[in-house]
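Everything below concerns the one structure shown next.
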Number of protein chains: 2
Amino acid sequence: MTDQSAKDNFRSYLATQGLKSTRQRDIILDEFLRAGAHLSTEELYLRLREQHPHIGYATVHRTLKLFAECGIAEPCHFGDGQTRYESSAGEEHHDHLICTDCGAIVEFENPQIEALQESVASQHGFLIERHRLELYGRCQQCQVFKNVVDTGRNERSSSR
Amino acid sequence: MTDQSAKDNFRSYLATQGLKSTRQRDIILDEFLRAGAHLSTEELYLRLREQHPHIGYATVHRTLKLFAECGIAEPCHFGDGQTRYESSAGEEHHDHLICTDCGAIVEFENPQIEALQESVASQHGFLIERHRLELYGRCQQCQVFKNVVDTGRNERSSSR
DNA sequence: GCTTAAATTGAAATTCAATTTCAAGAGGGT
DNA sequence: ACCCTCTTGAAATTGAATTTCAATTTAAGC
Ligand SMILES: [Mn+2]
Ligand SMILES: [Mn+2]
Ligand SMILES: [Zn+2]
Ligand SMILES: [Zn+2]
């Protein structure tokens with residue numbers, strides 16, 4: 001799904017639901033697609049505020065929920081107490097590796113795991129609608145730094 | 001890990017941390033182990049209140065966090081906005097199948113998936129500390145009822 | 001373009017689980 | 001029993017998510 005098809009999807013979703021196309025929604029969608037990453041409402045709101053200080057937090061919140069409803073964004077919960085949204089534009093389904101030290105997020109996709117999930121579900125009579133797989137640990141960089149700190153060979157400032 | 005070893009673990013955790021063994025903590029641990037399932041703070045508090053109305057919500061909350069710290073309980077987030085805790089007593093690591101209709105939770109363990117997770121992580125240079133795998137869908141029963149409702153052959157009351 | 005009904009906006013208020021505060025009470029070493 | 005420290009429970013606070021509501025904007029119909 002490209003950025004343009006995300007915009008088209010959103011347009012037609014609004015149309016079919018009797019909702020209206022507004023300047024704010026357009027601006028928020030543009031910024032959301034431009035940002036790319038896994039953004040919380042707060043983060044997107046702050047980014048928008050630089051160029052568009054008139055746009056309210058509540059509108060950003062409501063618009064992100066609309067994005068999720070129409071399928072152009074996916075909500076993520078990475079355990080920091082905030083809901084993040086990622087664009088579905090240009091991305092197939094994927095899962096996440098999350099560094100517990102620096103917060104880095106790496107996306108991956110593993111067909112074998114996906115297949116085994118289906119297999120497990122059917123063994124228990126379940127029909128899967130969606131799933132969540134998150135692997136938490138240390139990224140390569142943070143493993144190196146952790147080792148340095150542990151052995152006292154360096155006094156690098158904290159990575160966060 | 002048996003219930004008794006959970007109690008022993010908790011005792012020694014308190015001792016090593018300079019914390020105290022109290023009547024409330026004993027009662028909360030007993031009820032937590034007895035309940036068995038995936039309980040939220042609220043649910044455990046309500047269960048306790050029947051026999052021990054003097055125990056406060058804050059104490060239940062703090063005690064569950066202690067259980068998690070010392071490894072006899074695992075926090076779970078199943079997307080209903082509440083943190084649940086499950087006993088680690090008598091259980092190996094496992095993941096969850098969750099029915100989005102009736103809320104049923106089925107536990108499973110799949111060594112192949114676990115191995116593939118490690119493989120994915122090492123491909124990306126990560127060292128996994130923990131992971132979360134949740135499969136959301138309909139349990140067998142809810143698939144059947146859904147079908148009945150859809151075809152109008154029955155008027156069974158909603159399962160929730 | 002003008003009118004109008006319905007949807008949207010944004011500031012502020014509210015919700016709700018999680019967490020903290022604090023004064024009174026309990027544990028446990030001596 | 002004494003004393004210091006930890007714990008408790010009611011109430012207050014926090015913070016993200018969500019709702020409220022009066023003013024504004026959209027877009028359909030004329
Ligand atoms: Mn992603
Ligand atoms: Mn479980
Ligand atoms: Zn890292
Ligand atoms: Zn079910």
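All chains are named by letter (A, B, ...) in the order of the sequence lines, taking the proteins before the strands, and each is independently numbered beginning at 1.
Residue contacts shown for B/Ser40 are absent, as no nucleic acid heavy atom lies under 4.0 Å away.
Between A/Leu135 and B/Gln117, the closest side-chain pair of non-hydrogen atoms falls below 4.5 Å.
Each of B/Pro53 and B/Arg25 lies near DNA chain D, and the nucleotide nearest B/Arg25 is the one positioned closer to the 5' end. Comparing B/Gly18 and B/Tyr45 along DNA chain D, the residue whose closest nucleotide (by nearest heavy atom) sits nearer the 5' end is B/Gly18. Comparing B/Lys65 and B/Thr22 along DNA chain C, the residue whose closest nucleotide (by nearest heavy atom) sits nearer the 5' end is B/Lys65.
Counting distance only, with no hydrogens placed and no angle test, the side-chain atoms of A/Arg23 and the base atoms of D/dT24 include no donor-acceptor pair under 3.5 Å. In terms of polar N and O atoms assigned as donor or acceptor, the side chain of A/Lys20 never comes within less than 3.5 Å of the base of D/dT25 in a complementary pairing.
Of the possible polar contacts, one joining the A/Gln143 side chain to the B/Gly125 backbone as a donor-acceptor pair under 3.5 Å is found.
Side-chain proximity of A/Ser21 to D/dA27, D/dT26, D/dT7: nearest is D/dA27. Distances were taken from every side-chain heavy atom of B/Tyr57 (C-beta onward) to each of C/dG10, C/dT19, D/dG9; the shortest belongs to C/dT19. Side-chain proximity of B/His61 to the nucleotides D/dT18, C/dT20, C/dG10 is greatest for C/dT20. Each of C/dA17, D/dG9, C/dG10 was ranked by its minimum atom distance to the side chain of B/Thr59; first place goes to D/dG9. When the nucleotides C/dT9, C/dA18, C/dG27 are ranked by their closest atom to the side chain of A/Gln24, C/dT9 comes out on top.
C/dT8 atom P lies 15 Å from atom CD1 of A/Ile55, rounded to whole Å. Protein atom CG of A/Leu14 is 13 Å distant from nucleotide atom P of D/dT26, rounded to whole Å.
Salt-bridge annotation for B/Arg11 and B/Asp26: present, with a side-chain N of the basic residue lying under 4.0 Å from a carboxylate O of the acidic one.
Checked options B/Glu43, B/His38, B/His77, B/Glu42; the residue passing with B/Arg84 is B/Glu43 (criterion: side-chain hydrogen bond (donor to acceptor under 3.5 Å, both in side chains)).
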